[in-house]
Amino acid sequence: MGTIEQFNKYVMHSYGRYDLVLDKGKDVTADDENGKEYIDFGSGIGTNSLGFCNDEWVEAICSQAKSIQHTSNYYYTKVQADFAKTLCETAGYSNVFFGNSGAEANECAIKIARKYSFDKYGNGRHNIITLVNSFHGRTLCTLSATGQEVFHNYFFPFVDGFIYVEANNIADLREKLDDTVCAVMFEYVQGEGGVMALEQDFVDEIFKLCAEKDVITIADEVQTGVGRTGKFLAGEHFGKKADLITLAKGLAGGVPIGACLAGEKCAQVLTPGTHGSTFGGNPISCAGGLAVLNKLNSPGFLGEVAAKGDYIRKKLADIPEVKSVSGIGLMIGIELKTKNAPDILKAALEKGLLLLTAKTKVRLLPPLTISYEDIDKGLAILEELLK
């Protein structure tokens with residue numbers, strides 16, 4: 001029995017997979033089980049932020065695994081303390097709760113926002129505004145928060161207390177941000193929703209109204225954070241700092257992690273017994289996270305991420321089939337004129353290039369460490385497919 005047949009026999013069919021078995025990888029390339037090489041422009045949906053098996057990252061992970069792999073959150077570990085300090089200082093936040101995924105990080109932010117409001121104002125002020133076309137996770141609560149009707153099926157009843165506002169519609173926001181609302185939750189760039197950045201005026205209005213009404217701002221930076229846009233946080237491009245931010249994906253370079261960071265306003269909301277996670281703050285994940293932060297905090301690194309994003313956009317603009325390019329930094333959406341994005345993805349696999357899609361667009365989330373040489377190699381394949 002081959003790998004794919006064995007896999008499909010024993011693993012639930014909850015994903016639409018491609019007929020590709022990845023076996024090993026280094027930097028921006030991966031090999032399948034037959035030895036064919038692929039350039040990775042997807043980085044595991046933005047998760048392998050340093051590419052495959054970065055040397056410093058591997059050393060950090062292996063060293064920690066040889067020391068202690070797990071305790072429980074009844075106890076302390078130095079690696080979690082070091083990681084928390086570095087993360088909070090890098091992001092500019094007071095403290096952090098560690099989980100295992102973006103959905104868990106968003107669940108934590110939702111709980112903090114509701115508890116903040118309950119502690120201060122009592123019952124009945126629990127609604128959270130999210131945006132149409134948003135994506136916040138696949139748990140029942142974060143599915144409910146997700147502003148896409150396609151996800152609101154099968155799993156009834158969904159979690160109550162979410163109000164959807166059209167992105168960039170200030171009038172809609174003003175109308176719905178009433179006295180029942182405790183938080184506004186948003187992505188600066190809607191990733192799964194088509195790599196669409198919010199407009200500055202709309203972001204400004206979110207923060208203005210929330211400040212006036214003592215409503216918590218929650219920035220879901222699961223995909224946009226940790227250097228993806230050329231800044232550590234996408235909020236930096238908008239000159240904004242939300243009360244709560246959520247991180248995951250690229251934060252630990254490819255091992256599971258989620259993080260909810262709180263500013264001073266929300267730093268003391270969670271108390272013992274109000275939230276928890278068995279694997280949250282796992283030493284191996286924290287070691288991987290420290291390796292990522294050390295790389296991102298090295299002089300000039302984030303500037304190079306931004307420069308590479310600009311370089312790719314200029315190259316894409318010269319391809320006749322490309323209608324428009326969206327996103328910020330190395331978070332790129334490509335709208336095509338005549339061709340179908342899923343068809344391009346499948347054709348790219350045959351040519352040795354790993355791509356992603358978002359809605360009707362081709363999506364690029366290459367490793368932050370990608371070289372200009374590998375950018376050119378991957379874009380050459382993409383350009384040929386788009387002719």
Above 12 or not: heavy atoms from other molecules or residues under 6.0 Å from [atom1] of [X]?
{"X": "Asp179", "atom1": "CG", "result": "no"}
{"X": "Lys115", "atom1": "NZ", "result": "yes"}
{"X": "Phe158", "atom1": "CZ", "result": "yes"}
{"X": "Glu33", "atom1": "CD", "result": "yes"}
{"X": "Lys24", "atom1": "NZ", "result": "no"}
{"X": "Tyr10", "atom1": "OH", "result": "no"}
{"X": "Lys265", "atom1": "NZ", "result": "yes"}
{"X": "Lys231", "atom1": "NZ", "result": "no"}

To check you understand the geometry: which heavy-atom pair defines the closest contact between [X] and [Y], and what is its length?
{"X": "Pro367", "Y": "Leu50", "value": "CB-C, 4.5 Å"}
{"X": "Ile257", "Y": "Ala252", "value": "CG2-CB, 3.7 Å"}
{"X": "Leu270", "Y": "Cys108", "value": "CD1-SG, 4.0 Å"}
{"X": "Cys266", "Y": "Ile216", "value": "SG-CD1, 3.5 Å"}
{"X": "Gly46", "Y": "Lys249", "value": "O-CB, 3.8 Å"}
{"X": "Phe52", "Y": "Thr29", "value": "CD1-O, 3.4 Å"}

task: For a side chain to side chain contact (heavy atoms under 4.5 Å, CB included) with Val325, tell me which candidate from Val362, Ile319, Ile332 qualifies.
output: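 Result: among Val362, Ile319, Ile332, Ile332 is the only option passing the side chain to side chain contact (heavy atoms under 4.5 Å, CB included) with Val325.
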
- prompt: Given Ile129, which of Asp178, Val181, Asp172 fulfils the side chain to side chain contact (heavy atoms under 4.5 Å, CB included) condition?
  reply: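 With Ile129 as partner, Asp178, Val181, Asp172 yield a single side chain to side chain contact (heavy atoms under 4.5 Å, CB included), made by Val181.
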
task: Decide ring pair (Phe, Tyr, Trp, His ring centres under 6.0 Å) for Tyr154 and Phe156; before the verdict, give the C-alpha distance in whole Å, the side-chain angles of both, and the deciding distance to 0.1 Å.
output: CA-CA 6 Å; Tyr154 310 121; Phe156 304 101; 8.1 Å; no

Euclidean distance, [Y] [atom2] relative to [X] [atom1], rounded to 0.5 Å:
{"X": "Leu302", "Y": "Glu304", "atom1": "CG", "atom2": "CD", "result": "10.5 Å"}
{"X": "Glu5", "Y": "Thr3", "atom1": "CD", "atom2": "OG1", "result": "8.0 Å"}
{"X": "Leu261", "Y": "Glu221", "atom1": "CG", "atom2": "CD", "result": "10.5 Å"}
{"X": "Met185", "Y": "Ile218", "atom1": "CE", "atom2": "CD1", "result": "5.5 Å"}
{"X": "Ile375", "Y": "Leu382", "atom1": "CD1", "atom2": "CG", "result": "12.5 Å"}
{"X": "Thr130", "Y": "Gln148", "atom1": "OG1", "atom2": "CD", "result": "10.0 Å"}

Would you say [X] and [Y] make side-chain contact, with heavy atoms under 4.5 Å?
{"X": "Leu293", "Y": "Phe83", "result": "yes"}
{"X": "Leu330", "Y": "Leu364", "result": "no"}
{"X": "Phe41", "Y": "Ile312", "result": "no"}

State whether the side chain of [X] and the backbone N or O of [Y] hold a donor-acceptor pair below 3.5 Å, judged by distance alone.
{"X": "Ser298", "Y": "Lys295", "result": "yes"}
{"X": "His152", "Y": "Leu143", "result": "yes"}
{"X": "Lys176", "Y": "Val165", "result": "no"}
{"X": "Arg125", "Y": "Lys120", "result": "no"}
{"X": "Arg114", "Y": "His126", "result": "yes"}
{"X": "Lys351", "Y": "Glu384", "result": "no"}
{"X": "Ser326", "Y": "Met196", "result": "no"}
{"X": "Gln69", "Y": "Ile284", "result": "no"}
{"X": "Thr139", "Y": "Ala103", "result": "no"}
{"X": "Glu236", "Y": "Leu233", "result": "yes"}

Same cluster or not: are [X] and [Y] linked, directly or through other Ile, Leu, Val, Met, Phe, Trp or Tyr residues, by side-chain heavy atoms under 4.5 angstrom apart?
{"X": "Ile45", "Y": "Leu354", "value": "no"}
{"X": "Leu177", "Y": "Val132", "value": "no"}
{"X": "Phe232", "Y": "Val203", "value": "no"}
{"X": "Tyr18", "Y": "Phe7", "value": "no"}
{"X": "Val79", "Y": "Val96", "value": "yes"}

task: Begin from the C-alpha positions of Leu131 and Glu166 and carry the test side chain to side chain contact (heavy atoms under 4.5 Å, CB included) through to its verdict.
output: CA-CA 6 Å; Leu131 302 183; Glu166 184 181 347; over 6 Å; no

field: Positive for salt bridge (charged side-chain N to carboxylate O under 4.0 Å, His left out) with Lys26, one of Asp374, Asp55, Asp31
entry: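 Only match with Lys26 under salt bridge (charged side-chain N to carboxylate O under 4.0 Å, His left out): Asp55.
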
query: Is a salt bridge present between Glu212 and Lys208, judged by a nitrogen-to-oxygen distance below 4.0 Å?
result: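 A salt bridge links Glu212 with Lys208.
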
Residue pair Lys377, Glu373: steps toward the salt bridge (charged side-chain N to carboxylate O under 4.0 Å, His left out) verdict: CA-CA 6 Å; Lys377 287 180 181 178; Glu373 180 183 1; 3.6 Å; yes

- request: Flag this pair as yes if the NZ/CZ of Lys241 is under 6.0 angstrom from the six-membered ring centre of Phe207 and inside a 45 degree cone about the axis; otherwise no.
  value: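 No, a cation-pi geometry is absent between Lys241 and Phe207.
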
query: Under the side chain to side chain donor-acceptor pair (under 3.5 Å) rule, what pairs show up with a residue in residues 186-199, not counting sequence neighbours?
result: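 Of all non-adjacent pairs touching residues 186-199, those that pass side chain to side chain donor-acceptor pair (under 3.5 Å) are Glu192-Gln223, Glu192-Arg363.
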
task: Apply ring pair (Phe, Tyr, Trp, His ring centres under 6.0 Å) to Phe202 and Phe186, showing your working.
output: CA-CA 11 Å; Phe202 184 72; Phe186 56 91; 8.3 Å; no

- request: List the steps and the verdict of side chain to side chain contact (heavy atoms under 4.5 Å, CB included) for Lys315 and Asp376.
  value: CA-CA 9 Å; Lys315 290 277 191 177; Asp376 286 341; 3.7 Å; yes

CA sep, side-chain torsions, deciding dist, call: Leu209, Val215, side chain to side chain contact (heavy atoms under 4.5 Å, CB included): CA-CA 8 Å; Leu209 292 175; Val215 168; over 6 Å; no

message: Quick one, Thr246 with Glu104, criterion side chain to side chain contact (heavy atoms under 4.5 Å, CB included). Give me CA distance, side-chain angles, the key distance, then yes/no.
response: CA-CA 9 Å; Thr246 57; Glu104 285 188 32; over 6 Å; no

query: Can you tell which of Asn282, Asn100, Asn73 makes a side-chain hydrogen bond (donor to acceptor under 3.5 Å, both in side chains) with Ser277?
result: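 Result for side-chain hydrogen bond (donor to acceptor under 3.5 Å, both in side chains) with Ser277: Asn100.
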
